[in-house]
Amino acid sequence: MHDFLKLKLSPYWIGAVSEKGRLVKVSVCYSQKDLYRSLGAALKEQTGSSSFLKRLKQDLLSYWQGERVDFTNYSLKLDGYSPFQRKVWKLTQEIPDGEVRSYKWIAKRLRSKGYRAVGQALAHNPFPLIIPCHRVIREDKSLGGFSAGLDIKRKLLQIEGISLACLYE
DNA sequence: AACTGTCGCGAAG
DNA sequence: CTTCGCGACAGTT
């Protein structure tokens, strides 16, 4: 059945749900309470015991200390999401650690001018960190948005050693 | 029909 | 040169 992981990373809490060796959802929050709200109360009871989630836990800890971690080989449960969303997320996964791209960059690669639609797709990303939607910013190098809260986006970029004016606003 | 995690242009300071 | 307002854009609910 489902397995859950809960982990405190510096000021934030991160949680993950998996099912049969595939990730179902990840979320980053400001408190445990928010985590339960977004991942479900089951998270309260269960502890991540599958080897799969143990590996994820180690990877997340390493990442948080500034190591380069490759998250691209985690298998993700993508059923039920639209083709457009999947394409956007796939391109986002191709952005290397330590670099950023713009919403426009992604749209262009999909031969679309739906910049805002790209933003909307990223806003619904079920796998923050794993699919690094924080590496997508505006064309003019300003920060853009982040559904889990902009300070988290700043923090992640900072961990990856990216230096941009928008990180110090 | 109304909403976005946008972009680029034109006008004004 | 910088900032601001606004309309166009495309995909989702």
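Computed over heavy atoms, backbone and side chain alike; hydrogens, waters and symmetry mates excluded. Note that the coordinates shown come from a computational prediction; the quantities given were computed from them, not determined experimentally. Throughout, a chain's letter reflects where its sequence line sits, starting with A, and its residues are numbered from 1.
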Show me, pair by pair, the donor-acceptor contacts under 3.5 angstrom made by side chains of residues 7-21 of chain A, not counting sequence neighbours?
from: A:Ser10; atom 1: OG; to: A:Trp64; atom 2: NE1; distance (Å): 2.8
from: A:Glu19; atom 1: OE1; to: A:Lys77; atom 2: NZ; distance (Å): 3.4

Inset, instruction - Using modelled atom types only, decide if a donor and an acceptor are shared between the side chain of A:Glu99 and the backbone of A:Pro96 within a distance under 3.5 Å. - result: no

Inset, instruction - Toss me the dot-bracket line for DNA chain B: Watson-Crick and G-U wobble, both under 3.5 Å, 5' to 3', using | for pairs to another strand and [ ] for crossers. - result: ||||.||||||||

Inset, instruction - Quickly work out the A:Arg101 CZ to B:dT6 P distance and round it to whole Å. - result: 19 Å

Inset, instruction - Using a 4.0 Å heavy-atom cut-off across all strands, classify A:Arg116 as base, sugar-phosphate, or nothing. - result: base

Legend entry - Step-by-step side-chain hydrogen bond (donor to acceptor under 3.5 Å, both in side chains) determination, A:Gln32 to A:Tyr36: CA-CA 6 Å; A:Gln32 290 193 68; A:Tyr36 300 145; 3.0 Å; yes

Inset, instruction - Starting at CZ of A:Arg138, measure out to CG of A:Leu143 and round the result to the nearest 0.5 Å. - result: 9.0 Å

Inset, instruction - Determine the contact category for A:Val136: base if any of its heavy atoms lies under 4.0 Å from a base atom, sugar-phosphate if only primed atoms, P, OP1 or OP2 are that close, otherwise nothing. - result: base

Inset, instruction - Report which part of the nucleic acid A:Phe146 touches: base, sugar-phosphate, or nothing (heavy-atom distance under 4.0 Å, all strands). - result: base

Inset, instruction - Determine whether the aromatic ring centres of A:Phe127 and A:Tyr74 lie less than 6.0 Å apart. - result: no

Legend entry - For DNA chain B, the residues among residues 122-134 of chain A that have a non-hydrogen atom under 4.0 Å from it: A:Leu122, A:Ala123, A:Cys133

Legend entry - Validation row: A:Gln58, A:Lys54 side chains within 4.5 angstrom (heavy atoms): no

Inset, instruction - State, without any angle test, whether A:Asp34 and A:Ser31 hold a side-chain donor-acceptor pair at a distance under 3.5 Å. - result: yes

Inset, instruction - In sequence, state the C-alpha distance, the side-chain angles, and the governing distance for A:Asp151 and A:Tyr30, and then conclude on side-chain hydrogen bond (donor to acceptor under 3.5 Å, both in side chains). - result: CA-CA 10 Å; A:Asp151 11 345; A:Tyr30 294 102; 3.0 Å; yes

Inset, instruction - Classify the nucleic acid contact of A:Ser147 as base, sugar-phosphate or nothing, counting any heavy atom under 4.0 Å across all strands shown. - result: base

Legend entry - A:Glu160 and A:Arg135 ion-paired at < 4.0 Å: yes

Between side-chain atoms of residues 104-118 of chain A and protein atoms elsewhere (two or more places apart, or another chain), which donor-acceptor pairs fall under 3.5 Å?
from: A:Arg109; atom 1: NE; to: A:Trp105; atom 2: O; distance (Å): 3.3
from: A:Ser112; atom 1: OG; to: A:Gly114; atom 2: N; distance (Å): 2.8

Inset, instruction - Name the nucleic acid region contacted by A:Gly114, choosing base, sugar-phosphate or nothing; use a 4.0 angstrom heavy-atom cut-off, strictly under. - result: sugar-phosphate

Just the table, please: protein N/O against nucleotides 8-11 of chain B N/O, every pair under 3.5 Å.
from: B:dG8; atom 1: OP1; to: A:Lys104; atom 2: NZ; distance (Å): 2.2

Legend entry - Closest non-hydrogen atom pair between A:Tyr63 and A:Leu129, with its separation: CE2-CD2, 3.7 Å

Legend entry - Minimum heavy-atom distance A:Gln93-A:Pro132, with the two atoms named: CA-CD, 3.9 Å

Inset, instruction - Heavy atoms of chain A, cut-off under 4.0 Å: which first and last nucleotide of DNA chain C, 5' to 3', fall inside that, if you could look? - result: C:dA8 to C:dT13

Inset, instruction - Looking only at non-hydrogen atoms, find the nearest pair between A:Ser102 and A:Val136 and report the distance. - result: C-CG1, 3.8 Å

Inset, instruction - Let me know the distance between OH of A:Tyr103 and P of B:dT6, rounded to the nearest Å. - result: 6 Å

